[in-house]
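Keep in mind the model is a prediction, meaning the values are calculated, not measured.
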Amino acid sequence: MGFMVNQFNKMLKGYRSFRSRYAQGDQSIMESLARHGQRPATMVVACCDSRVDPALILQCDPGDLFVVRNVANIVPPYEKDEKHHGTSAALEFGVCFLQVKHLIILGHSQCGGIQALCNSQDNLPHDFITQWVSLIAPIKGEFSDNADSYAQLALQRSRQHCMTFPWIAGKVQQQQLTIHLWYFDIQSGQIFTYVEAKQAYLPLDSVIQGTFS
C-alpha cells in the first residue's frame, strides 16, 4: 500500500511540475496550443508498455508528437468496413488532417504483445490480444529466434500494412511522408533505426545527421 501511495504522490508532484513548466506565466505553452491548435510534424505508433513513452524518451514538449498507442505498436492493414478501427482512425487524422511529415513506428524489447504472439499456444484466456497480434504473425520464409528479434521483424510488417492505406502510400510516393522503423532497447535506453540500404537496425545516434531535416 505504501508503494502505491508513493506512486500516486509522485504523479501529483509531477502534475504540479507540469503546470509550473507548461501552463503558467505569460509564455504558457498550453495557452498557445489552445489558441493556435496542434501542429505536430511527427506521428508515432507506439506500444502501450508503461516503460516506452515516446514523449519521455524523446524529451518532447506538448504539441510535438501525435501519438497512438496499442498492444505491440501494430499498424493494421487498411480495412474500410463497418467495424471499429481506432489505430486506423488515428493514422487518418495524423496523415490526412494534421499532415505530419514523419511517421515513426516504435517497437521495443521485452514486448508483452510479441511474447503473446510467440507463445500463442499458452492456453491462457485472451479475449482480444491473440487476435490482435495475429496481424503481425510470421509468414512463410520469415524466421526469428526470439521475441526481441521478431519485434524488429514485426515493424517491417507494420510498414507493409501502412502502404495498404492509399493516402499513406500516396504521400510516401510523393515524398510528403517518411516512415521510420525504430526499436527501443529498454535495458540500455537506446533507439535503433532500420536502415534500408544495410537492411539492419543501427543505433540512431550513428545515423547521418539530417534525417529529420
[X] side, atom [atom1]; [Y] side, atom [atom2] - distance, nearest 0.5 Å:
{"X": "W182", "Y": "L106", "atom1": "CH2", "atom2": "CG", "answer": "8.0 Å"}
{"X": "Q199", "Y": "Q156", "atom1": "CD", "atom2": "CD", "answer": "8.0 Å"}
{"X": "R157", "Y": "I105", "atom1": "CZ", "atom2": "CD1", "answer": "12.5 Å"}
{"X": "H180", "Y": "H102", "atom1": "NE2", "atom2": "NE2", "answer": "5.0 Å"}

Residues D81, K83: salt bridge by 4.0 Å N-O rule: no

Regarding E31 and R35, does a basic nitrogen lie under 4.0 Å from an acidic carboxylate oxygen? yes

Within a radius of less than 6.0 Å around [atom1] of [X], do more than 12 heavy atoms belonging to other residues, nucleotides or ligands occur?
{"X": "R51", "atom1": "CZ", "value": "yes"}
{"X": "Y15", "atom1": "OH", "value": "no"}
{"X": "Q27", "atom1": "CD", "value": "no"}

Do N73 and L155 make a side-chain contact, defined as non-hydrogen atoms from C-beta onward lying under 4.5 Å apart? yes

Starting from the C-alpha separation in whole Å, work towards a yes-or-no answer on ring pair (Phe, Tyr, Trp, His ring centres under 6.0 Å) for Y183 and Y194. CA-CA 8 Å; Y183 176 83; Y194 186 74; over 10 Å; no

Check the pair Y22 / L33 against side chain to side chain contact (heavy atoms under 4.5 Å, CB included), numbers first and verdict last. CA-CA 10 Å; Y22 294 110; L33 289 171; over 6 Å; no

Check: T164 side chain, H161 main-chain N or O, donor-acceptor pair, under 3.5 Å: yes

R69 side-chain N/O to C47 backbone N/O, donor-acceptor pair under 3.5 Å: yes

Is it the case that D148 and S109 place a side-chain donor and acceptor less than 3.5 Å from each other? no

Parallel, tilted or perpendicular for F165 and Y78, by the 30°/60° rule? perpendicular

